[in-house]
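Have a look at the structure below before the remarks.
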Amino acid sequence: MTIYSRRAGGDLSGATVGSFAVAALCVLPLAAAEGLLPAADGMAGTAAWLLYLGAVPTALAYRLFFAGVAAVPATVTAVVTLLEPVAGVLIAVGLLGEHLTVTAAAGSALMLAAVAGLARTG
């Protein structure tokens with residue numbers, strides 16, 4: 001999506017909604033197999049929360065992200081994209097009190113090394 005957004009420019013709302021719909025349809029059978037679907041009596045509340053989460057924070061975040069991608073050079077886009085999971089780990093550990101696992105620390109270190117390598121070549 002990021003590479004496509006650089007080439008296409010403009011509004012990618014349709015492509016974003018389409019990709020989320022395909023992803024949801026792919027995950028739905030797995031959720032059903034694991035028993036993760038809501039009970040019938042709580043379906044309305046669950047559907048309302050899912051619509052809110054999809055429409056407000058997710059759609060807004062992607063709209064802002066794609067607007068930023070269209071306005072900055074490709075190297076800046078690459079750095080921001082690589083630093084996003086590192087920021088997620090830092091937020092989880094620092095603000096939410098999660099324990100830092102070896103895997104998360106190693107992944108963050110690899111991402112930071114990639115950013116450092118990108119800075120040297122750029």
For [X], enumerate each residue passing the side chain to side chain contact (heavy atoms under 4.5 Å, CB included) test, keeping only those at least two apart in sequence or located in another chain.
X     : value
Leu50 : Thr46
Val89 : Val93, Leu100, Ala104, Ser108
Leu36 : Ala31, Glu34

Quick check on the hydrophobic clustering: are [X] and [Y] connected, directly or via other members, by side-chain heavy-atom contacts under 4.5 Å?
X      : Y      : value
Leu90  : Val115 : yes
Leu112 : Val79  : yes
Phe20  : Leu25  : no

Exercise. Going from CD1 on Ile91 to CD on Glu98, what distance comes out if it is rounded to the nearest 0.5 angstrom?
Worked result: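 Those atoms lie 11.5 Å apart.
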